[in-house]
Asks: 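Handing you a structure now.
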Amino acid sequence: MHQVPEVRRGDPVRRTRAADQALATMIAEVRAGLARRLPELPCKYLYDERGSALFDEITRQPEYYQSRTESAILSEHAEAVVEAVAPYELAELGSGAGRKVRHFLDAMRSRGWLESVVLLEINETYLRESVERLQGDYPEARVRGITGDFVSDLASLGPGGGRLLLFLAGTVGNLHPADLPWFFGAAAAVLEAGDGFLVGVDLVKDEARLHAAYNDSAGVTAEFNRNILRVLNDRLGADFDPWDFDHVAFYDGGRQWIEMRLRARRKVRARIPAAGLTLDLQAGGEIRTELSCKYTRESFTGRLAGCGLALERWITDPQHLFASALLRRR
Ligand code: SAH
Ligand code: AVI
């Protein structure tokens, strides 16, 4: 029998108030970041259309074990996670191309639990495509998107209850570890007692493997890194030549994080008119563009203290490269 699709009106994607002020926020963040002793740019500005496509390409590089390892974990364990949490709403932060979420949607659908899906993502083009594709493939659910920042706009998800929140790919590692207690507190505030929060965590491992993952031989990560300068050129009218910069990514074993930087090949003077800035770098001068923190079970759970979330399951692959941490709202 044919299902008659429900007629839905209005735009399924909405922008948060903060997203409407994105340019002013970007200007303020770029000014603050570049004024630091080691100039830095927020890594969320790596992701315009080109940046998201480059990230997708990174996930297909042989050295980048994270995505395929997490996908393998999810294809084996998503059912059990859904069974344990019994959600009727699936929410995802930084959903990107929106593929991994399907493991959960399929498990919810087969139990007749799937009612709604909400994706919170900074890249509106990718978000619209994902919402449209998921709505087409899961017509029984109400699929909506929120264009926004998963740090400042988490509350836009609204109150929880029957919610399973996903934060995949190890993107939690792109937050500064000192910000995690606050971030987990904000996530707990959009969950009700019993709701689940599944977080993908890239694990501490041998340095050579980590180094290779962020220095792939095809040079895709290097292009992804340089893309942040193209984003500044497009949005703020800057005049960076990305080819003036080398890609640098190294593991800091003491801090247990990968740092991505851009290093000037020669003396660089770049103008950023919208921010009223001129940036001068000597040859060898660097801009930090991303942190990607690696955790152990202990260092990760240590960041959860007092936030209202408790670790319920820690699922890893046989080589202990990556973990899916199922947190439960108390
Ligand atoms: N979840 C996907 C994509 C991970 S890449 C996967 O597992 O493959 C990280 C995603 O988070 C990108 O789509 C990027 O656009 C988005 N993102 C990065 N910083 C963000 C922020 N501050 N707020 C919202 N989305 C962000
Ligand atoms: C999205 N995030 C988890 C990626 C990471 O590995 O930190 C982004 C990335 N940076 C370089 N390569 C991939």
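Computation of the quantities below employed the complete heavy-atom set of this structure, encompassing side-chain atoms and omitting hydrogens, waters and symmetry-equivalent molecules. Counting starts at 1 for both ligands and their atoms, in listed order.
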Asks: Tell me, please, which residues at least two apart from T125 pass side chain to side chain donor-acceptor pair (under 3.5 Å).
Replies: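 For T125, the residues satisfying side chain to side chain donor-acceptor pair (under 3.5 Å) (neighbours in sequence not counted) are E49.
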Asks: Nearest heavy atom to atom 15 (O) of ligand 1: which of K44, K100, E121 does it belong to?
Replies: E121
Asks: Once you restrict to heavy atoms under 4.0 Å, what part of S95 touches ligand 1? Side chain, backbone, both or neither.
Replies: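 Looking at S95 and ligand 1, just backbone atoms fall under 4.0 Å.
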Asks: Please test R142 against E115 for salt bridge (Lys or Arg N to Asp or Glu O under 4.0 Å), starting from the C-alpha separation and ending with a verdict.
Replies: CA-CA 6 Å; R142 174 176 179 237; E115 287 182 16; over 6 Å; no
Asks: Hey, is ligand 1 close enough to I122 that some N/O pair sits below 3.5 Å?
Replies: yes
Asks: I'd like to know if the side chain of D206 reaches the main chain of R209, judged simply by a donor and an acceptor atom lying under 3.5 Å from each other, with no hydrogens or angles considered.
Replies: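 It does hold such a pair.
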Asks: Answer yes or no: does an N/O atom from E70 fall short of 3.5 Å to an N/O atom of ligand 1?
Replies: no
Asks: Tell me if a side-chain donor or acceptor on Q61 pairs with a main-chain N or O of D216 at a distance below 3.5 Å.
Replies: no
Asks: Suppose I only count heavy atoms of A169 and a 4.0 Å limit; which atoms of ligand 1 are within that range?
Replies: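 That gives atoms 4 (C), 6 (C), 7 (O) of ligand 1.
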Asks: Partners of E79 by side chain to side chain donor-acceptor pair (under 3.5 Å), sequence neighbours excluded?
Replies: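 Counting only residues at least two positions away or on another chain, E79 forms a side chain to side chain donor-acceptor pair (under 3.5 Å) with R111.
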Asks: Pick one of side chain, backbone, both or neither for how F55 approaches ligand 1, counting any non-hydrogen atom pair under 4.0 Å.
Replies: side chain
Asks: Pairs under 3.5 angstrom only: tabulate donor-acceptor contacts from the side chains of residues 173-189 to other protein residues two or more places apart or in another chain.
Replies:
from	atom 1	to	atom 2	distance (Å)
N174	ND2	E290	OE2	3.4
N174	ND2	L291	O	3.0
H176	ND1	A178	N	3.0

Asks: Sub-3.5 Å donor-acceptor pair from the side chain of R226 to the main-chain atoms of F245, do we have one?
Replies: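 Answer holds: yes.
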Asks: Are Y295 and F322 close enough that their ring centers fall under 6.0 Å?
Replies: no
Asks: What do you reckon, does T171 put a non-hydrogen atom under 4.0 Å from ligand 1?
Replies: yes
Asks: Give a yes/no verdict on whether any heavy atom in E92 is under 4.0 Å from an atom of ligand 1.
Replies: yes
Asks: Check R330 with E192, please: is the shortest side-chain N to carboxylate O separation under 4.0 Å?
Replies: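 Here E192 does not pair with R330 in a salt bridge, since their nearest N and O are not under 4.0 Å apart.
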Asks: Among G94, G96, A18, which residue places a heavy atom closest to atom 1 (N) of ligand 1?
Replies: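 Checking each option, the heavy atom nearest atom 1 (N) of ligand 1 is found in G94.
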Asks: Please check: side-chain N/O of H247 versus main-chain N/O of Y214, any donor-acceptor pairing under 3.5 Å?
Replies: yes
Asks: Please state which option from Y45, F167, Y126, F150 has its nearest heavy atom closest to atom 20 (C) of ligand 1.
Replies: F150
Asks: Any donor-acceptor pair under 3.5 Å linking the side-chain atoms of Y251 with those of K205?
Replies: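 K205 vs Y251: no donor-acceptor pair found between side chains.
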Asks: Under a heavy-atom criterion of less than 4.0 Å, does G98 contact ligand 1?
Replies: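 No, G98 has no heavy atom closer than 4.0 Å to ligand 1.
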Asks: Find all protein N or O atoms under 3.5 angstrom from an N or O atom of ligand 2 and list the pairs with distances, or write 'none'.
Replies:
from	atom 1	to	atom 2	distance (Å)
ligand 2	2 (N)	N174	OD1	2.9
ligand 2	6 (O)	Y64	OH	2.5
ligand 2	6 (O)	Y214	OH	2.6
ligand 2	7 (O)	N174	ND2	2.9
ligand 2	7 (O)	S292	OG	2.6
ligand 2	10 (N)	E290	OE1	2.7
ligand 2	10 (N)	E290	OE2	3.2

Asks: Please write down residue, atom name and distance for the protein heavy atom closest to atom 22 (N) of ligand 1.
Replies: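 I find the closest protein heavy atom is D149 OD1, 3.1 Å.
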Asks: Determine, for D244 against R265, whether the closest basic-nitrogen to carboxylate-oxygen distance falls under 4.0 angstrom.
Replies: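 No, no charged N to carboxylate O under 4.0 Å.
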Asks: Can you name the atoms of ligand 1, numbered from 1 with element, that are less than 4.0 Å from a heavy atom of G148?
Replies: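 With G148 as reference, the close atoms of ligand 1 come out as 23 (N), 24 (C).
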